[in-house]
Number of protein chains: 2
Amino acid sequence: MEMKNTRQKITDAAIEIFNEDLSAPLEIVAEKAEVTRRTLHRYFTDRQDLVLACHAAMQESCRKAIDVVYTSFPEPLERFENMLYAAIDCGVKFSFLHRMHNNDHHNHTAKDENCSKYDVTFNKFRMTIEELQRKNLITTELSVEWVEMLCTGIVTAAINSEKSGNVAKVNIKKFAWFSLSKGILV
Amino acid sequence: MEMKNTRQKITDAAIEIFNEDLSAPLEIVAEKAEVTRRTLHRYFTDRQDLVLACHAAMQESCRKAIDVVYTSFPEPLERFENMLYAAIDCGVKFSFLHRMHNNDHHNHTAKDENCSKYDVTFNKFRMTIEELQRKNLITTELSVEWVEMLCTGIVTAAINSEKSGNVAKVNIKKFAWFSLSKGILV
DNA sequence: GACTTATTTCTCAAAAGTGTGACATTTTAA
DNA sequence: TTAAAATGTCACACTTTTGAGAAATAAGTC
């Protein structure tokens, strides 16, 4: 096992655990990552260090996925559809990152570098929605903010569907786009 | 201050705190409930005791709300709409209850009394969805399981909208029903 | 005012979680 | 095969969290 692999395994495990329980003991994270707590501490000095690493990993993963789609699809509706798919692929990372920036304890401010990075990524969502509304491709009865919230809600639904195994995996994205697109149509 | 009030204040606080952080220190819960940690322990011997009480409270609250709607509206589409509103009103309780029954550590089984109680309540959702599909009021392209997931996703969106304050409060339910109904139309 | 009940304050000891050092063991790569 | 790198084991000091006892205080009731 080389180093990079282990570090990633730990952050991946941490993201999943912290997503459900932000103050879970590091022992639990280590278990999930299949390493010792001692090893975990070799890579991350602190709990905070680990949390920050998770944050950065989620940030980067989402940014990359969304960016690719944003630049690849000039047609806004098609772009929007593929941004949804990208978000579903990012899965837990996507929804956890959102939660981190919107919970009570976090003071979201453009001055913070992390926050502005987050903003840059997710403004691409907002801008696409606004463009869709301007071009009358989706209803103007709904506010942009609601459509944004709806997107993350549908991503959550997709994640839970996948986790529970009650919805055939091949159908999840199809269903998600069906519901989202009809749910915001003119 | 009478007893019942305090007990409720504590479970209410705990539900909100645990919803965001399942292993938050009881100190935090006590703070939110505006009592001492010592007082909290006079009502709940254990952390587990408190968690179970929260669970029961959520269970009961959701059951009551859904039951009323379920028996009040014979027409399935109208019933479905009002079940959504009820779920939004239950808010955090609704989504936290779901999380508790769907997370990795929880083994959902009909034998457990709590699980079966949960099932009874949320089967009312499922039955209504099935009825809507039978009567061709919603599309049969989507599976019942997805529509269920979609509902909780939209409830989540509504909760987050309310919390963030980005969506006018008067609009939230309207938007939620708009998106849900169109998102599952024939 | 005396009495009951709920709460706070202060205290304490046990338990759980955290971070690190020293050394053994395994893996990896030359 | 062997040296280096990565990981595991164990022990330790330390902090936080937990749960409960005892007495003081506040609040409501008769």
Side-chain angles (χ1 to χ4, degrees), chain A residues 1-58 60-61 92 96 99-100 103-107 114, chain B residues 1-58 60-61 92 96 99-100 103-107 114:
Chain A
M1 318 249 173
E2 71 269 45
M3 178 186 118
K4 206 171 182 183
N5 216 328
T6 302
R7 195 186 164 85
Q8 182 126 8
K9 256 184 16 183
I10 294 172
T11 50
D12 283 349
I15 287 168
E16 286 214 28
I17 296 290
F18 290 159
N19 182 44
E20 289 200 337
D21 181 358
L22 197 59
S23 356
L26 298 181
E27 183 75 48
I28 306 285
V29 176
E31 244 170 54
K32 179 130 198 163
E34 297 175 299
V35 294
T36 337
R37 195 165 60 84
R38 190 65 189 84
T39 302
L40 186 152
H41 275 298
R42 287 214 179 82
Y43 288 92
F44 306 97
T45 62
D46 250 1
R47 178 187 207 85
Q48 197 196 355
D49 189 22
L50 176 56
V51 171
L52 289 179
C54 289
H55 190 258
M58 294 190 289
E60 186 56 15
S61 165
V92 168
F96 187 24
R99 277 234 309 270
M100 288 195 79
N103 74 8
D104 298 336
H105 307 291
H106 176 74
N107 258 19
N114 273 325
Chain B
M1 322 240 172
E2 73 268 48
M3 178 187 116
K4 206 172 181 183
N5 215 328
T6 302
R7 195 185 164 86
Q8 180 126 11
K9 257 183 16 184
I10 294 172
T11 49
D12 284 349
I15 287 168
E16 285 213 30
I17 297 290
F18 289 159
N19 184 44
E20 290 200 337
D21 182 357
L22 197 58
S23 355
L26 298 181
E27 183 75 47
I28 306 284
V29 176
E31 245 171 53
K32 180 129 196 164
E34 296 175 300
V35 294
T36 334
R37 193 167 61 83
R38 193 63 191 83
T39 302
L40 186 151
H41 274 296
R42 289 182 60 256
Y43 286 94
F44 306 97
T45 61
D46 247 6
R47 178 185 208 87
Q48 198 196 356
D49 188 22
L50 176 57
V51 171
L52 289 178
C54 289
H55 190 255
M58 293 190 290
E60 185 56 16
S61 165
V92 167
F96 186 24
R99 276 235 308 261
M100 289 195 78
N103 76 7
D104 297 334
H105 306 292
H106 177 74
N107 259 19
N114 273 326

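Residue numbers start from 1 in every chain, and the chains themselves are labelled A, B, ... in the order their sequence lines are given, proteins ahead of strands. Treat the numbers as computed from the prediction; the structure is a model and nothing was measured.
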- Task: Starting at atom CZ of A:Arg47, determine the distance to atom P of D:dT15, rounded to an integer number of angstrom.
- Result: 18 Å
- Item | Exercise: identify the closest heavy-atom pair between B:Met100 and B:Val51 | CE-CG1, 3.9 Å
- Note on the structure: In whole angstroms, the gap separating C1' of D:dT16 from CG of B:Asp21 amounts to 14 Å
- Compare every heavy atom of B:Phe44 with every heavy atom of B:Thr11, then report the nearest pair and how far apart it is. CG2-CZ, 3.7 Å
- Query: Below 4.5 Å, heavy atoms only, C-beta onward: do B:Phe18 and B:Val29 meet side chain to side chain?
  - Reply: yes
- Nearest-angstrom distance from the residue atom CG of B:Leu40 to C1' of C:dA6: 14 Å
- Query: Nearest of D:dA6, C:dT7, C:dG19 to any side-chain atom of A:Tyr43?
  - Reply: D:dA6
Is there any protein nitrogen or oxygen under 3.5 Å from a nitrogen or oxygen in nucleotides 8-13 of chain C, and what are the pairs?
{"residue": "C:dT8", "atom": "OP2", "partner": "B:Thr36", "partner atom": "N", "Å": "3.1"}
{"residue": "C:dT8", "atom": "OP2", "partner": "B:Thr36", "partner atom": "OG1", "Å": "2.9"}
{"residue": "C:dT8", "atom": "OP2", "partner": "B:Thr39", "partner atom": "OG1", "Å": "2.4"}
{"residue": "C:dT8", "atom": "O5'", "partner": "B:Thr36", "partner atom": "OG1", "Å": "3.0"}

- Hey, are the side chains of B:Arg7 and B:Ile10 touching, using non-hydrogen atoms and a 4.5 Å cut-off? no
- Taken to the nearest whole Å, CG/B:Asp49 to P/D:dT18 is 14 Å
- To the nearest Å, how far apart are A:Lys9 NZ and D:dG8 C1'? 13 Å
- To the nearest Å, give me how far apart CZ (A:Phe44) and C1' (C:dT20) are. 17 Å
Between N or O atoms, less than 3.5 Å apart, protein on one side and nucleotides 24-26 of chain D on the other: list the pairs.
none

- Considering only D:dA6, D:dG19, C:dG19, which nucleotide approaches the side chain of A:His41 most closely? C:dG19
- Message: According to side-chain contact (heavy atoms from CB on, under 4.5 Å), who are the partners of B:Ala24, at least two apart in sequence or on a separate chain?
- Response: B:Ile17, B:Asp21
- Item | Rounded (10°) bend between the five-pair end axes of the helix from C:dG1-D:dC30 to C:dA30-D:dT1 | 30°
- Item | All side-chain hydrogen bond (donor to acceptor under 3.5 Å, both in side chains) counterparts of B:His41, not counting sequence neighbours | none
- Note on the structure: Sorted by chain and number, sequence neighbours left out, side-chain contact (heavy atoms from CB on, under 4.5 Å) with B:Leu52 holds for B:Gln48
- Item | Atom pair distance, as rounded to whole Å: CD in A:Glu27 and P in D:dC10 | 13 Å
- Is A:Glu20 close to B:Leu22 at the side-chain level, that is, under 4.5 Å between some pair of heavy atoms? no
- Task: For A:Ile28 and C:dA16, give me the distance from atom CD1 to atom C1', rounded to whole Å.
- Result: 12 Å
- Query: Should B:Pro25 and B:Arg37 count as side-chain neighbours, where that means a heavy-atom distance under 4.5 Å?
  - Reply: no
- Decide if atom CD of B:Glu60 counts as having more than 12 heavy atoms of other residues, nucleotides or ligands within a radius under 6.0 Å. yes
- Query: For A:Ala14 and A:Cys54, which heavy atoms make the closest approach, and how far apart are they?
  - Reply: CB-SG, 3.4 Å
